[in-house]
Amino acid sequence: MTATVIPTPGAESYGPEPEPRVGFFTDTSVCIGCKACEVACKEWNDVPEEIEGFTGSSYDNSVALGANRWRHVAFIEQRVEVGGVSDSAPDSFVAEAARQQLVDQGLEPHSGDDGFRWLMSSDVCKHCSEAACLDVCPTGAIFRTEYETVVVQEDVCNGCGYCVVACPFGVLDQRRDDGRVWKCTLCYDRLRDDMEPACAQACPTDSIQFGPLDELRERADRRLERLHERGHGEARLYGRDTGDGVGGFGAFFLLLDEPEAYGLPPDPVATTRKLKRNWAAAGIGAVALAAGIAGSFLGERG
Amino acid sequence: MSDGANGGGAPQTRAGVGARGRGGGERSMVPREKPRSYYGRPVVKPPVWTWEIPLYFFTGGTGGASAALAYAAERAGNRRLARSAWKVAFAGISASPPLLVSDLGKPRRFFNMMRVFKPTSPMSVGSWILLANGAAIVPAAAYGVLGRFGAIGRPAQAASAAVGLPLATYTAVLVANSAVPVWSEARWELPLSFAGSAAASAGAAATVLTPPEHAAPARRLAIGGALIETAATEVMHRRLGDLGSPYGEGTAGRFAKAAKGLTVGGAALLGASTNRSRAGAVAGAAMLISGSLCERWAVFRAGVQSAGDPSATIGPQRERLGRD
């Protein structure tokens, strides 16, 4: 009789070798706004439709990330008055200076004489190193996977909605008809079969890049350097820095404007960082209440 | 051209949100520029909580403070007041779980709260605090009101008072520990405001149920709590500066105004009618209870309004980056 070796649940689910931390690098400088990521995400994850109607906000009718939208493409049309400046031979120092100023701002004079640029960016859950949603989840439904991504277990979530107000990016939301909270899983199911997430696979310009986070960070640094060399001083990385308020993002971005222009918070902080202070304040409140109650009986005894 | 489409990469504004240290309440003559945003859309999500949650803040707070009041009355030998306060504590605490269950939609989902104890989640800690309150209040009130089950009733009364105090204030941590600016930036004032509010409503409820000659401590607690609630709320509004604007507009503004009027008026009426007019005392107590309820609603609605305003999220963050 041979003894059957039963693998421990931990070893079986996490494998013999530790997995590298994976994530997304979304390089918005090459996003063309095709929304293939939104569609691929919806199809693969069977995310229900949610029709927002016509918003009039450029080509963005899907509005924001939420329970039924785990990738969202932002469209921003920017235009400045340039007074007939073009990239043809400058006819005066004033015109040349104006043209140079536009180039410095990342505007392309050759896109016409109107100083127009169109920013597009595919937003997604940031899979924070310090995830407030995970910290505040009272059921343990939100957990960190072996890939260090942040996932909501749909059979454990009880719809308490705490993560909704804890997320500094407004990523998570409640699905109205079922009451539970849903968000990007970084295609946890696909990762376990060595496939890249649906959005990254569908992206035709490699604006969404998937891979081990260390590699993505190096790649992003090189890309940023190249853009700066080419005069795109406005290019910046968002969420690359592990010293930020959430310990760095697992899904970070290269942006061409300030984060707030894309609807992203410029300096997000995981609310859990101030948890001790919050409890200290509640402790003071409880002690004050006890003192007030005891004080109300002064002179009563005897 | 829309909000989000403001001219080329040049940063348009540097908003100064938060009028701290600029002489409270005074408005600058120069209107502050709004921070940039994406078509004026919110950055963070508003709470999905329904009416049960602010009501629970009230019932839990009143119940928890009443348990502590009842225990103190027992210790002081004021049996009549203790009886009333145990009744209020039992009513407040037993009304709370159904409210939370109702908010979740499906009752069975509440059991998932009991899967884990998570110190990083004020809601998990709070669920266990509420559970402890529920377990303690039944024998405590049974002994306090009916005089039965003294063997477990006596220790349960002490336990009930001990877990009642955090029940009255943890809900402030629950909201402060969030990305909602008007809540998270009020982390120091909210628990004191909630504690005062709980003292006011617990004292007021016990005053109504107790003959005037035994109700003096409850009256004092109600009036003292009302003063603390009003003062802490006032400090909160001033310290929040522009971030606190929800307390001056819309639904939250109306509730905040009602809370202040009812609390101050109720405290004055209750103070003036000591031993003279029973009707006046009852009316004053009713005003304090309503004021306490309005205060919780004002805080809740202010959170909804604050989360919906992108400049409340972006402004202070930009300012912080500018300072670094």
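Quick note on labels: first sequence line is chain A, next is B, and so on, each numbered from 1.
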task: May I ask you to decide if the ring planes of B/Tyr170 and A/Trp279 are parallel, tilted or perpendicular, using 30° and 60° as cut-offs?
output: parallel

Does any backbone or side-chain atom of [X] lie under 4.5 Å from a heavy atom of chain A? Answer side chain, backbone, both or neither.
| X | result |
| --- | --- |
| B/Trp188 | both |
| B/Ala68 | both |
| B/Leu100 | neither |
| B/Pro47 | both |
| B/Ala73 | both |
| B/Pro42 | neither |

- prompt: Is any NZ, NE, NH1 or NH2 atom of the basic residue among A/Asp267 and B/Arg318 found under 4.0 Å from an Asp or Glu carboxylate oxygen of the other?
  reply: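 No, A/Asp267 and B/Arg318 are not salt-bridged.
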
- prompt: What heavy-atom pair brings B/Arg220 and A/Ser296 nearest, and what distance separates the two atoms?
  reply: NH2-O, 2.8 Å

- prompt: If you take all heavy atoms of B/Asn112 and A/Asp155, which pair is closest and at what distance?
  reply: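 Minimum heavy-atom contact is ND2-O, 4.2 Å.
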
Portion of A/Asp123 that has a non-hydrogen atom of chain B nearer than 4.5 angstrom: neither

field: Contact origin within A/Ala270 toward chain B - heavy atom pairs under 4.5 Å
entry: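 Neither part, no heavy atoms under 4.5 Å.
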
query: Would you say B/Lys118's side chain and A/Gly140's backbone share a donor-acceptor pair under 3.5 angstrom?
result: no

message: Is it the case that the side chains of A/Asp60 and B/Tyr39 hold a donor-acceptor pair, with the cut-off being a distance below 3.5 Å and no angle test?
response: no

- prompt: Any chance the side chains of A/Ser57 and B/Arg41 put a donor and an acceptor closer than 3.5 Å?
  reply: yes

